[in-house]
Every structure is written in structure tokens, then in C-alpha cells.
Number of protein chains: 2
Amino acid sequence: MNILSHSEENYLKHIYHIAGKERNKVATNSLAERLETKASSITDMLKKLKEKELIEYEKYKGCGLTDLGENIAIQIIRKHRIWETFLVNELNFKWDEVHDIAEQLEHIQSQELIDRIDAFLGFPKFDPHGDPIPNKQGKIEYRELKINLSEAKEDVNYEIVSVNEDSLALLRYLDDNKIGLGSEILILERYDFDNSLKVKIKGKKTINLSEKVTSCIGVRPM
Amino acid sequence: MNILSHSEENYLKHIYHIAGKERNKVATNSLAERLETKASSITDMLKKLKEKELIEYEKYKGCGLTDLGENIAIQIIRKHRIWETFLVNELNFKWDEVHDIAEQLEHIQSQELIDRIDAFLGFPKFDPHGDPIPNKQGKIEYRELKINLSEAKEDVNYEIVSVNEDSLALLRYLDDNKIGLGSEILILERYDFDNSLKVKIKGKKTINLSEKVTSCIGVRPM
DNA sequence: ATTACTTTTTAGGCAAGCCTAAATTTATTT
DNA sequence: AAATAAATTTAGGCTTGCCTAAAAAGTAAT
């Protein structure tokens, strides 16, 4: 396998994320939206990735990663999360500042480098957003019991264990409202018409969160 | 000034290095050789860099950096040397293993990142090869008294303070012969016909070094 | 100073990765 | 099931950064 381009690596990573645990087929348009490119550009690249046996792809039918492609995607995610952990734990960046830098660092080509950073950090299991860091073999230990805040029950105390990192605006919003990993959260009321929640963050005032927000927050009962 | 491409940054860096302290004009062919591309490709890029006012360039007359171009080149060199220091001091890479990784890391776009790594390292003045690390303002403190081993005198004790890093083969050669930064070296004899030297490394056996080798080694009288 | 040699530039092409516009396939309505 | 809408692909183009081959400019040697 030749070295992949920065762009090819990015496609694999995003296909992996969109497909999710259920390994759903990934539509051309969903990739286009996520990568902020036109659908025609996606089609071009999908042909190339299929040629290299990194994805399965049939015209008009969407795509999915092959085992090879998935392994590579996971290694890129590993690098991304290790670098984020380094930036936050060692260089004192805030968790909402590191995404763009990690997006660059994840493409540095050196297995030895990432393994040494991993060791330097003491082989962390989770990154600053609460997401699991795949190990060198690509194995991912999912945090148990984690559910989305949007699916959580009323009158139960939860701890926030992850925040989907893809929107900087969201991260800023949470930071402004002093919501972060480890915050204790209690659902006071659920409004069925828009599935928004009135919640109480321990030690702070109550606040209303839209489903757009709650669906990005992972929680665990305490 | 827009963000420069990886390739443009590389050109500036190499022009800076070839020009040297005397700011000599840089010939198209010397860049071609160094970048391992064809002269015609160099010409293409020189036109573009001139257009962006990063270099001065006249057809058939070679090129040189403008103040703007030089500032950028120095910042890339700063990044390269800070990353090399990080890799050696913090991750325990050997000084001859870090060049290729640093070549990638030097293009990461984040002023904040490099400043924090610099602080993390305690604002080092020299990198593992003994070369000075420009500060944030681009100022370079050259090590005083440093000369090339090829120009050193007989019967004087020197300390090795720098090794030109561009040839991996050379670094390997020196490592194999247990020659490194801090080694004490004494010139026993100079052979005028090829300017090679017979030298003694303190605590080790004597060895003959060609001018090709000695011209890459910086020393300081002890 | 004219010839021969070296260096550099021009001209035309190619692959990667993106684009727009138009054609095609699939999905949804009526 | 035909018509419309949405998703996707094709066709053709553009820029970047490289290439080869040929022309032009500069340098050296007779």
C-alpha cells in the first residue's frame, strides 16, 4: 500500500465517522456536506478509493470502508485523539481550541512518533472530548453506559463524558455556559414538541438546551 | 499575505539556506539539485514567489529573499528546530532520526502551537544539531567562535557544536563512529592534497575524515 | 569574435483535487 | 404509472506543482 495523500486520509476518516458503529452505507451528499465540497468531487474521489480497495462503492449506491480502509481510518482517528490529548494535557490548550491543529497533526507520517507521544502521555484511553483513543492495533474500548443526553431520562443525575467535537460554535457555547466534561447534569423537564430539555448543571443555574445541542453530548448515569 | 503552500514554504527555506549569511544570489540549478526537482519546475515557482513579493528574481540572474520572504523562511526554520528539539529532548529520538519528521511538522500552521512547545521546552537556544533556534521575532543568536572543522587548526582542542543535518548518511556515519555534539576533537594532521584530516576523538581511536565530512561539522575551540 | 558548452527559460503536457453545467439514475408524488 | 423532485454521475475546465523537449541566454575556449 502506497502512502495516502492528506486528502485520501480525510475521506476515509469522514466515511468512518458518518457510517457510525452500524457501518451504514454513506451517501455521496453526506460526504459532500461534511467535507464542504461538491458532490461531483466526492464521486471522483470515491472512484479512486475504490480502485485502491479502501472502500466498497457502487454507482448511486453509496460507499462503505473495506477492512483495509477502516484500519487506516482508525489509525488516523487514533492520531487525531492522541494529538488532542497532548495539546490539552501537556500544552494547556483548552479543549475547544485543539480541533484545527489536530486536523493537521493527524496527517504526520510516522508510526514511531505517534507511539512515542502515546507513551509520553501514559497511554491515555480517552481524549479531552471523552472519545476513546484506539490502541496501536486499532482496537477501540467504547465507554460503557454512555448515551446521548437527548435520550436521557428525567430526574436522573448524569455526568457528561463526551462532546461531539465537530462544531466549534457548539464547543464555544458550552464553554460559555460552563458546561464541560465531568459536569453533573440533571434533566428537569423535557418539552416534547421540539425535544428540548430544561437542565440543571450542578452548582449553576438552570438552562434550556435544544435537541441539536443535547444530541452532541454524551452522558453516563452517576 | 495569504497562507503559503507547503511547497512555497519549502522553497523559501531552501533559498535561505543556500544563500547563506552573505545573502548570495541563489542559482536555479542549485535549488533544483537541493529540492530534487528539474530546473524548469524551479523557474515556474520562482515566478510565482516573485509575484507574491517573497523573492527578488530576474531571468537568468538567480534569486534572493525579500525581507518578507526571509522572515517567513526564518519562522519555518524556527519551527523545524523547535520540533527537532522536542523530538530529541522529550521523546528520546536520536538526533539523526528526527529530520524527516521535523520536515513535516515545520509546516503545521499555528503560531500558538509553536510558541507553546517553545515554552514547554524552556525556550531552548540551540537545537540537537547545535544550530541556533530563531526567537519569535526572527532574531538568531549565532553561536560565537564557531568555525567549520575543515578550517580548524592543528594541535588545538575543539568541541563539536553543530553538524549539518542534510545528509542522513552523514549522520549515520558520525553516529557509527561515536562522533556527536560535545565530542572533543583534536586535529593531528592535515593532508593538503585533498584537505582531509586525521583527527583524534577524545577517548576513542584516531580516524581520517574527508573534506566532505569536515565541512559539515562545526567546532569551537575549548 | 565565433564556436562550443552550460545554465536557464519557454512551451506544452500530466495527475491530483477541486469546480460548474448538463445528463442520468433513483426516489417521491400525484 | 407518469411526472416531478432529489441525488448522483459524467463531461469538460481550472490551478498547483511537477515533467520533457526544445529554444534562448550566458559563459568559456579557441
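Values reported hereafter were calculated over all heavy atoms of this structure, with side chains retained and with hydrogens, waters and symmetry mates removed.
Between Y11(A) and dC18(C), a side-chain N or O to OP1/OP2 separation shorter than 4.0 Å is present. Regarding contacts with the backbone of dT9(C), every side-chain N or O of K47(B) stays at 4.0 angstrom or more from both OP1 and OP2. A sub-4.0 Å separation between OP1 or OP2 of dA23(C) and a side-chain N or O of Y60(A) is absent. Contact annotation: K59(A) side-chain N/O to dA7(D) OP1/OP2 distance is not under 4.0 Å. Within the 4.0 Å cut-off from OP1 or OP2 of dT9(C), at least one side-chain nitrogen or oxygen of T43(B) is found. Contact between the side-chain N/O atoms of S7(A) and the OP1/OP2 oxygens of dC18(C) is found at a separation under 4.0 Å. Within the structure, every side-chain polar atom (N or O) of N29(B) is placed at least 4.0 Å from both OP1 and OP2 of dT6(C).
For the pair S196(A) and E211(A), the minimum side-chain heavy-atom distance is 4.5 Å or more.
If you measure from atom CG of N10(B) to atom C1' of dC18(D), you get 14 Å, rounded to the nearest angstrom. Rounded to an integer number of Å, the gap from CG of D44(A) to P of dC14(D) is 16 Å. Remark: C1' of dA15(C) and NZ of K52(A) are 11 Å apart, rounded to the nearest angstrom. For H6(A) and dC18(C), the NE2 to P distance is 10 Å, given to the nearest whole Å.
Contact annotation for T28(B): backbone-only contact, meaning every heavy-atom pair under 4.0 Å involves sugar-phosphate atoms and none involves a base. The residue S41(B) sits close to a base: some heavy atom pair falls under 4.0 Å.
Aromatic rings of F93(A) and F120(B) (six-membered ring for Trp) have centroids beyond the 6.0 Å cut-off, not under it. The aromatic ring centroids of H99(B) and H80(B) lie less than 6.0 Å from each other.
Here the CD1 atom belonging to I140(A) is positioned 9.0 Å from the CG atom belonging to N135(A), to the nearest 0.5 angstrom.
Ranking dC19(C), dC18(D), dT9(D) by closeness to the T37(B) side chain, first place goes to dC18(D).
Between R116(B) and E112(B) there is a salt bridge, since at least one side-chain N of the basic residue sits less than 4.0 Å from a carboxylate O of the acidic one.
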